[in-house]
Amino acid sequence: MTEAVESRHFIQQIIDADIETGKWGAPGDRSIVTTRFPPEPNGYLHLGHTKAICLSCGIAREYGGRFFLRFDDTNPAKEEQEFVDSIKHDLEWLGATWEGEAKFASDYFDQMYSWAIELIEKGLAYVDDQSVEEIRSGRGNLKDGGQESPFRNRSVEENLGLFARMKAGEFENGSRVLRAKIDMNSPNMNLRDPLIYRIVNAPHHRTGDTWHIYPMYDWAHGLEDSIEGITHSLCTLEFEDHRPLYDWFIEAINQGRNDEDKIHHPQQIEFSRLFLSYTNMSKRFMRQLVEENHVQGWDDPRMITVAGFRRRGYTPESFWKLAEDVGITKFNAMVDFSRLENMVREDLNERAPRRMVVLDPIKLIITNWDEHGDADRVEAMEVPNHPKDESFGSRTINFARELWIEREDFMIDPPKKFFRLGLGREVRLRCGYWVKCHDYKRDSDGNVIEVYCTYDHQTKGGNNPPPESDGQVRKVKGTIHWVNVNDAVDAEVRLFDRLYMAERPGKKTGDHLDDLNPDSLKIVFNAKIEPGLVQKRDDEPNWEDGIRRFQFERTGYFCVDADSTPEKMVFNRTASLRDSWSKQK
RNA sequence: GGGGGAAUGGUGUAAUUGGUAGCACGAGGGAUUCUGAUUCCCUUAGUUCGGGUUCAAGUCCCGGUUCCCCUACCA
């Protein structure tokens, strides 16, 4: 009876209220909502970032507002153009389109500098000559207050002069900083005269060597937000303690100004990070995995980078679904990795065309194939590309006397619940024929290499045979997949499993490497694929990112890896199918 | 006597802001099925603890517990 009301998470509720009261513009004007994603270009985007991206971009989209991409490039020592490019690419791939050109904190360096001078003139900032160590010890600790710097009460003139010389590059790294004059006894460490500028004599990837001082995060971030007219500056929980400073800086600039001259004051709102079991989002750990060759690069399909997931075959849609699924709260929740897997499965189940591929082949030979025609004949079978969606069409694949089937689909003496092939058992070869096994052959190691079957010529296409004379229709419990030996193509298939075996890698021993899964990558070199898989077929979907994705029936979801050539196809397993049989075993 | 946050089934998340604790995933069971997939149905299990206010508390008040974050010239 009662219509389900769309529930609004706490950030949406804040924005809803802001719009109603007209906090940012005319009451009711939703288009004023402005958000941003502000990465530092010092690494690859990972799963943790996708939550923030989907949130900020999604909010702007929902309200009909604006979403910006801004690079927080305030530390030339760490940042590179390469990362600017990869971050843009990842965002585009995710479908998080930003408005206009990507923005850069470095575009605002002049503005920030002049605001810093204003703070000095108001007596709210000073140049400190203390060393790093002196500043650190002067800051005090969590229990005790700090001590004021001996340079704290310099004259405005002296500060102005020194600050100008800092800018001009007259001083060495670490010799002086500009600090805000707030409160050395604040219980909030961020307010104990935080640094505004430090000296960095290093070339910047965009501004070159025009600057010798660079703004600190707390000074830069809120001002960037202000300049861009950000209304809701969304960030993660660890910045809660920074919010008082975020507000203090903007209010310090606005102090003494007329209302018309006041700069825009965005609202910082914090939400919880994404924690996924069996993964570690630490940039440091991810770097170690790459540099010590535990994986093959930042885009290794086992990595939880956007690039890794993309190569693994994940779709952008699965990240949006996950973001929606985990929700927005202030609770540090541990999300199970299988949830993300479910999101791709859900998406790919609808959108991936089906194919038949045998990963671990043994040969099936039909010994009575000559009873109803030429022993060398090939019969064309029509196979649907999708079991539910007819718009995917169908394809024709060849059926003949010798076929590849999956090793695990045959047992000599199977248990009753084994719905596959066994000695004396009958199964359906999907969209082929029904076959019954009467013999098999082993190699010198005892491994089954061939199974011998008879087929029922009345079951062509996999259909039920006509009723027997007593009216009974023969039934078969299992259906297995196959590939025709004569036109099967060999391919490499990479089977990925989770990179770590522990729910929280490194928690037990302190070293995440101790929890690495030695079997996270298995490579199959001689999988047998349908010949139609080599070239893109006209009836395949046109995936937006150009990556070809499939479901290999009964084995999982796969995509074509960038390493593929027409001579040697390489597939990555995105995710296995849900498998209630292996659980039962 | 540091400060800032957070606690709802196994997991994640709702509860019209004081009025029937709901949804999804998982798990268990069943139906359908030419993928042991998909789909469908059923079951399962919860308000961190102790007080208080109230006709009525997940929600308000008091006290406790547990967990997370904060002492970079990183962001």
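None of these values were measured; they are calculated from a predicted model. Letters A, B, ... mirror the listed sequences (proteins, then strands); counts begin at 1.
- Ser582(A) comes within 4.0 angstrom of no nucleic acid atom, judged by non-hydrogen atoms across all strands.
- Between Met216(A) atom CE and rA75(B) atom C1' the separation is 9 Å, expressed in whole Å.
- Using a 30° and 60° split on the angle between ring planes, Tyr246(A) and His221(A) fall in the tilted class, from 30° to 60°.
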Counting primed atoms, P, OP1 and OP2 as sugar-phosphate and everything else as base, the B/S/- map of nucleotides 1-7 of chain B against protein heavy atoms under 4.0 Å is -BBSSS-
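- Taking a pair as Watson-Crick or G-U with both hydrogen-bonding distances under 3.5 Å, the stems of three or more pairs touching RNA chain B are B:2-7 with B:65-70, B:10-13 with B:22-25, B:26-31 with B:39-44, B:48-52 with B:60-64.
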Please tabulate the protein-to-nucleotide N/O contacts below 3.5 Å involving nucleotides 27-30 of chain B, giving atom names and distances.
from: rA27(B); atom 1: OP1; to: Lys583(A); atom 2: NZ; distance (Å): 2.7

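- Considering only the side chain of Thr329(A), rA14(B) comes nearest among rC73(B), rA14(B), rU39(B).
- Checked options Tyr455(A), Trp404(A), Tyr433(A); the residue passing with Phe399(A) is Tyr433(A) (criterion: ring pair (Phe, Tyr, Trp, His ring centres under 6.0 Å)).
- No donor-acceptor contact under 3.5 Å links the side chain of Arg554(A) to the base of rG36(B).
- Positionally, the nearest nucleotide of RNA chain B for Gly462(A) lies more toward the 5' end than for the other of Asn42(A) and Gly462(A).
- Taking atom CZ of residue Arg139(A) and atom P of nucleotide rC73(B), one finds them 5 Å apart after rounding to whole Å.
- Residue pairs meeting the side chain to side chain donor-acceptor pair (under 3.5 Å) criterion with at least one partner in residues 325-340 of chain A, sequence neighbours excluded, are Glu240(A)-Lys330(A), Asp325(A)-Arg339(A), Asp336(A)-Ser338(A).
- Side-chain atoms of Arg430(A) lie closest to rU35(B) of the nucleotides rU35(B), rC74(B), rU71(B).
- Take Arg243(A) and apply the side-chain hydrogen bond (donor to acceptor under 3.5 Å, both in side chains) test, not counting sequence neighbours, and it matches Glu270(A).
- Whole-Å rounding puts the Phe151(A) CZ to rC73(B) P distance at 16 Å.
- Looking at heavy-atom distances under 4.0 Å, His481(A) makes no contact with the nucleic acid at all.
- In the set rU38(B), rG12(B), rU35(B), the nucleotide with an atom closest to the side chain of Ala333(A) is rG12(B).
- Of the candidates Phe552(A), Phe550(A), Phe571(A), Phe552(A) is the only one forming a ring pair (Phe, Tyr, Trp, His ring centres under 6.0 Å) with Phe558(A).
- Residue pairs satisfying the ring pair (Phe, Tyr, Trp, His ring centres under 6.0 Å) criterion with at least one member in residues 163-196 of chain A, sequence neighbours excluded, are listed as follows: Tyr113(A)-Phe163(A), Phe163(A)-Tyr197(A).
- Of the candidate nucleotides rA24(B), rA14(B), rG36(B), rA24(B) has the atom lying nearest to any side-chain atom of Asp325(A).
- You won't find any donor-acceptor pair under 3.5 Å spanning the side chain of Glu350(A) and the base of rU38(B), going by distance alone.
- Comparing Ser338(A) and His9(A) by the nucleotide of RNA chain B that holds the closest heavy atom to each, the one mapping nearer the 5' end is His9(A).
- Set against rU35(B), rG12(B), rU38(B), the side chain of Pro387(A) has rU35(B) as its closest nucleotide.
- Here the shortest heavy-atom pairing between Glu406(A) and Val358(A) reads OE1-CA, 3.5 Å.
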Could you go over nucleotides 16-18 of chain B and give all protein N or O partners under 3.5 Å, atom names and distances?
from: rU17(B); atom 1: O4; to: Gln13(A); atom 2: OE1; distance (Å): 2.4

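- When the salt bridge (Lys or Arg N to Asp or Glu O under 4.0 Å) test is applied to Asp389(A), no partner is found at least two apart in sequence or on another chain.
- Comparing atom distances between the Arg420(A) side chain and each of rG36(B), rA75(B), rG26(B) picks out rG36(B) as nearest.
- Regarding contacts with the backbone of rA37(B), a side-chain N or O of Ser580(A) is found under 4.0 angstrom from either OP1 or OP2.
- Atom-to-atom, CG of Asn349(A) to C1' of rU35(B) comes out at 10 Å; the value is rounded to the nearest Å.
- Residue Tyr214(A) is out of contact with every strand shown, counting any heavy-atom pair closer than 4.0 Å.
- By the side-chain hydrogen bond (donor to acceptor under 3.5 Å, both in side chains) test, Tyr108(A) pairs with Glu228(A), sequence neighbours left out.
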Check against side chain to side chain contact (heavy atoms under 4.5 Å, CB included), His205(A) and Glu80(A) = CA-CA 6 Å; His205(A) 70 105; Glu80(A) 291 170 31; 5.9 Å; no
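- The stretch residues 164-186 of chain A participates, sequence neighbours left out, in these salt bridge (Lys or Arg N to Asp or Glu O under 4.0 Å) pairs: Asp128(A)-Arg179(A), Asp129(A)-Arg176(A), Arg165(A)-Glu170(A).
- Residue contacts shown for Ile328(A) are limited to sugar-phosphate atoms, with no base heavy atom under 4.0 Å away.
- A donor N or O paired with an acceptor N or O is not found under 3.5 Å between the base of rU71(B) and the side-chain atoms of Arg136(A).
- Checking rC73(B), rG12(B), rG36(B) against every side-chain atom of Val177(A), the shortest atom distance belongs to rC73(B).
- Ring geometry for Phe249(A) against Trp219(A) counts as perpendicular: the plane angle is over 60°, on a 0 to 90° scale with 30° as the lower cut.
- Counting to the nearest Å, the P atom of rA75(B) and the CG atom of Asp72(A) are 7 Å from each other.
- Per the stacking criterion (ring centres < 5.5 Å, plane angle < 30°), Tyr217(A) does not stack onto the base of rA75(B).
- When rounded to the nearest whole Å, the span between CD of Glu324(A) and P of rA14(B) equals 12 Å.
- In textbook terms, a nucleotide whose glycosidic angle is within 90° of 0 is syn, and rU17(B) is one such case.
- Looking at Thr315(A) and Arg351(A), their side chains come closer than 4.5 Å, going by heavy atoms from C-beta outward.
- Phosphate contact (OP1/OP2 of rC23(B), side-chain N/O of Ser7(A), threshold under 4.0 Å): absent.
- Applying the side-chain hydrogen bond (donor to acceptor under 3.5 Å, both in side chains) test to His9(A) and every residue at least two apart in sequence or in another chain returns nothing.
- Counting non-hydrogen atoms under 4.0 angstrom, Glu553(A) reaches a base of the nucleic acid.
- At a threshold of 4.5 Å between non-hydrogen side-chain atoms, the residues Trp248(A) and Leu124(A) count as touching.
- Contacts of Tyr217(A) classified as side-chain hydrogen bond (donor to acceptor under 3.5 Å, both in side chains), with partners at least two apart in sequence or in another chain: none.
- Residue Ser131(A) is in base contact, counting any heavy-atom pair closer than 4.0 Å across all strands shown.
- Distance Phe419(A) CZ to rA37(B) P: 10 Å, rounded to the nearest Å.
- Within the structure, every side-chain polar atom (N or O) of Arg354(A) is placed at least 4.0 Å from both OP1 and OP2 of rA37(B).
- Both cation-pi conditions hold for Arg206(A) and Phe104(A): the charged atom is under 6.0 angstrom from the six-membered ring centre and inside a 45 degree cone around its axis.
- Residue Met334(A) places its side chain closer to rG12(B) than to any other of rU35(B), rC73(B), rG12(B).
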